[in-house]
Engineer: 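One structure, pasted below without further comment.
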Protein chains: 2
Amino acid sequence: MATGRTHRPATRSRGIPEATVARLPLYLRALTGLSERSVPTVSSEELAAAAGVNSAKLRKDFSYLGSYGTRGVGYDVEYLVYQISRELGLTQDWPVVIVGIGNLGAALANYGGFASRGFRVAALIDADPAMAGKPVAGMPVQHTDDLEKIIDDNGVSIGVIATPAGAAQQVCDRLVAAGVTSILNFAPTVLSVPDGVDVRKVDLSIELQILAFHEQRKAGEESAAEAAAAQLPPAARAAGEQADRKGPDGDVPAVMPA
Amino acid sequence: MATGRTHRPATRSRGIPEATVARLPLYLRALTGLSERSVPTVSSEELAAAAGVNSAKLRKDFSYLGSYGTRGVGYDVEYLVYQISRELGLTQDWPVVIVGIGNLGAALANYGGFASRGFRVAALIDADPAMAGKPVAGMPVQHTDDLEKIIDDNGVSIGVIATPAGAAQQVCDRLVAAGVTSILNFAPTVLSVPDGVDVRKVDLSIELQILAFHEQRKAGEESAAEAAAAQLPPAARAAGEQADRKGPDGDVPAVMPA
DNA sequence: GTATGTGAACTATTTCACAGCA
DNA sequence: TGCTGTGAAATAGTTCACATAC
C-alpha cells in the first residue's frame, strides 16, 4: 500500500495534472505528423482535431506547460514538438528491457513506435533456455539468469513485462531489485511494488470488456424491457444458493473457464 | 449527466460511471482467481487488495450495480462473478474480428485472455494476399476483400484494428459500414467514426512515454535545480521567434525521426 | 462484533466564456 | 480581428465516516 501519499504540493509549479500528462503523447504524435508535412504553425482547433480532443482541453493542457503559443496565430509546430518532448523526458534516450518474449513480447520488440520515441530496446529476456540466443527483431534473446547484469550494464530504469501472469510478480521483483523504477505490465495480474516505483498496465482483454459493456447497452436500448428484467428481483437474492441461479437469458452463468 | 439518479430507477439503470465500468474487469479478474481457489466469500477489503484498488472505491463501485453483499460478512464470490459478468455483457458470446495480422495481430489472435472472457475470434483478416490461408492461432487468415461478408455472416459487432497507422482509418470505415459498432484500435492514429460507434485505443508507446515523464521527474528530484533551469525564463519567451530558439540543454529539438 | 452501503466532503478534470494580446 | 491563456463554473471521481443490517 502506498502510505499516506495524499498529494504533492511541492515547492514550485510542479503540478502537471495526470490527465494532461496522459494526453501529451497524443499531442506529440499529432504534431509529429504536422512536422513531417512541414506545417509551420497550427491553431488549437486544428491540433485538437488531429489529436482527437477538444480545443479548450488542449489549450488548458498547454497552459500547464507554459505559454508556448502566439495569440491570433497559433502554435509553432517545431517548437511545441520540442517543448512537449522535453516535458515528457524524450530528449534523452531511455533503454528498456522486454521480459517475456512470447507472441506479445516479440510484437513489442518489433514495434517501431518505441524506437521512434526515444526508447531503445536494450535487451530481450526470456526464461526459456530454448529461446536464448535466438534472434528476435534482430537481437538475440537473453536468458533470465542474466537479468540483473543486463539491467545494470545498460542502466535500464524502465522494464516491460510480457510474461504469463504467473511469472509477472517474480520478474517484477527482480527488475525492481536490480534498479528498475518504471514498469509497463502486459501480464493480466496486479503487481505490488515498493513506493517510488511506477507501474502502468495494459490489459488487452479489459479494453474489450469495456467495449462489450457499451455494446450491450446499445443493444439494450432497443429492447429496454429485457435489460430491466435481467435485474434479479431483490427478494430472490435473500433465498438459497445464488451461484447456480439461472441467468436472465435462461442460462447458467457459464463464464470464465480459465 | 445523470441527474438525480440516486438508486435503481426501475426502467433503465442508466448511469454507471465510466471509471467504475473500467474497473469492473479488474474485479472480475480478481474474483475469478478466488473462484478457482474455491473461496466462497470475500470482504471488500480483501477483494480490493486483490484488484489493486482501495476498499472504499470498490464498495462505491459495487453500490452502482446494486446491493450484492451481506453486511458483516462480505460478498459471495460466485454470485458477484455472475453479476459483474452480466453487467459487462459477458454472459453472451461476442464474435470479434482482428484486422491486420502482423506481429501484434498474431499476438492478439493467440492471446488466451480474449477467449476466456466471452470473446470469440471469429476471423483474422489481412490485406496481404500472401497471408491469405496461412494459419495463425489455428485459424486461416482471410483476405480483406471478404471483410464485409465475414462481418455479416458472423454477426460481428466488435472489431480489433492492428494494422499500420496508414491503413487504420480505411479499415475502420469498412468495419463501420459493415455494421461494427465497437472498435479496439491498436494503430497509432486517431480514428474518426460516426456517432454511436465506440472506439477504445491502446497505444503501446504512449504508455511508455507516460512512464518516461514520471521517470524523468524522479531523476529531477535529485537535482531539482537542473529541472528548474530547463524551464525557459518567461522573459525569453516574450522575445522574437521561438521556433529556432536553442533548447535549454544548448541543442536543437532533434526528436522524432519517424 | 463486523463489514456493507451511502450521503457528504473533498479533489480532480472538463468545459465555459471572455479578457488580453499579437 | 483572431486565437491564446485562464479564471470561474460545471461535472466527474474519490475518500471519509458512520448509520445500517447481518
Side-chain angles (χ1 to χ4, degrees), chain A residues 1-10 13-24 26-27 40-49 51-77 79-80 83 234-235 237-239 242, chain B residues 1-8 13-24 26-27 40-49 51-77 79-80 83 234 237-243:
Chain A
M1 274 287 90
T3 43
R5 193 236 343 284
T6 322
H7 60 169
R8 184 160 306 232
S13 57
R14 212 8 165 268
I16 299 181
E18 220 13 70
T20 294
V21 172
R23 279 187 296 267
L24 292 181
L26 244 49
Y27 302 141
T41 61
V42 67
S43 70
S44 64
E45 201 69 56
E46 294 165 328
L47 182 54
V53 304
N54 70 50
S55 62
K57 197 185 284 183
L58 177 143
R59 287 201 303 279
K60 189 61 136 182
D61 283 342
F62 286 180
S63 79
Y64 293 117
L65 308 185
S67 293
Y68 294 151
T70 306
R71 291 170 199 237
V73 178
Y75 301 93
D76 181 284
V77 171
Y79 185 60
L80 246 195
Q83 288 300 342
R237 280 192 289 107
Q242 304 154 322
Chain B
M1 63 208 73
T3 39
R5 181 213 64 266
T6 320
H7 213 215
R8 273 155 286 168
S13 53
R14 174 79 190 72
I16 297 180
E18 230 357 83
T20 295
V21 172
R23 281 187 295 266
L24 291 181
L26 243 50
Y27 301 142
T41 62
V42 66
S43 70
S44 63
E45 202 69 56
E46 294 164 327
L47 182 54
V53 303
N54 72 50
S55 63
K57 197 185 285 186
L58 177 144
R59 288 202 302 279
K60 190 60 138 182
D61 284 342
F62 286 0
S63 79
Y64 294 117
L65 308 184
S67 292
Y68 295 152
T70 307
R71 290 168 199 238
V73 178
Y75 300 93
D76 181 282
V77 171
Y79 185 59
L80 246 196
Q83 288 299 343
R237 281 190 287 103
E241 253 317 304
Q242 305 158 322

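Labels below follow one simple rule: chain letters A, B, ... track the order of the sequence lines, proteins then strands, and each chain is numbered from 1.
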Engineer: Is any side-chain nitrogen or oxygen of A/Tyr64 closer than 4.0 Å to OP1 or OP2 of C/dT14?
Structural biologist: no

Engineer: Within the sub-3.5 Å range, which N or O atoms of nucleotides 15-18 of chain C have a protein N or O partner, and how far apart are they?
Structural biologist:
residue : atom : partner : partner atom : Å
C/dT15  : OP2  : A/Asn54 : ND2          : 2.6

Engineer: Let me spell it out: for each of A/Ser63 and A/Val73, pick the nucleotide of DNA chain D with the closest heavy atom. Which residue's pick is nearer the 5' end?
Structural biologist: A/Val73

Engineer: Provide, to the nearest angstrom, the distance between the CD1 atom belonging to B/Ile16 and the P atom belonging to D/dG13.
Structural biologist: 12 Å

Engineer: Determine the sole option in B/Leu65, B/Thr20, B/Leu58 for which the side chain to side chain contact (heavy atoms under 4.5 Å, CB included) test with B/Tyr27 is passed.
Structural biologist: B/Leu58

Engineer: Which nucleotide in the list D/dT14, C/dA22, C/dG5 gets nearest to the side chain of A/Arg71?
Structural biologist: C/dA22

Engineer: Which is more 5' along DNA chain C, the nucleotide nearest A/Gly72 or the one nearest B/Gly74? Just name the residue.
Structural biologist: B/Gly74

Engineer: Just the rounded figure in Å: distance from P of C/dT13 to CZ of A/Arg23.
Structural biologist: 9 Å

Engineer: Rounded to the nearest 0.5 Å, what separates atom OG in B/Ser44 from atom CG in B/Asp61?
Structural biologist: 11.5 Å

Engineer: Given atom CD of A/Glu46 and atom C1' of D/dG2, what is their separation to the nearest angstrom?
Structural biologist: 12 Å

Engineer: Can you confirm whether B/Arg59 sits close enough to B/Tyr75 that some side-chain heavy atom of one is under 4.5 Å from a side-chain heavy atom of the other?
Structural biologist: yes

Engineer: For residues A/Val53 and A/Arg23, determine if any side-chain heavy atom of one lies less than 4.5 Å from a side-chain heavy atom of the other.
Structural biologist: yes

Engineer: Any non-hydrogen side-chain atom of A/Leu80 less than 4.5 Å from a side-chain atom of A/Phe62?
Structural biologist: yes

Engineer: May I ask you to check whether B/Tyr68 and B/Tyr79 place their ring centers less than 6.0 Å from one another?
Structural biologist: yes

Engineer: Could you tell me whether the phosphate oxygens of C/dT4, OP1 or OP2, come under 4.0 Å of any side-chain nitrogen or oxygen in B/Ser44?
Structural biologist: yes

Engineer: Let me know the distance between OH of B/Tyr68 and C1' of C/dT6, rounded to the nearest Å.
Structural biologist: 17 Å

Engineer: Measuring only between side-chain heavy atoms, which start at C-beta, is B/Thr41 closer than 4.5 Å to B/Thr70?
Structural biologist: no

Engineer: Report the distance from atom CZ of B/Phe62 to atom P of D/dT14, rounded to the nearest whole Å.
Structural biologist: 14 Å

Engineer: Specify the separation, in whole Å, of atom CD of A/Glu18 and atom P of C/dT11.
Structural biologist: 18 Å

Engineer: Once you round it to whole Å, what is the distance between P of C/dT6 and CG of B/Asp61?
Structural biologist: 13 Å

Engineer: So what does A/Tyr75 touch, heavy atoms closer than 4.0 Å: a base, only the sugar-phosphate, or nothing?
Structural biologist: sugar-phosphate

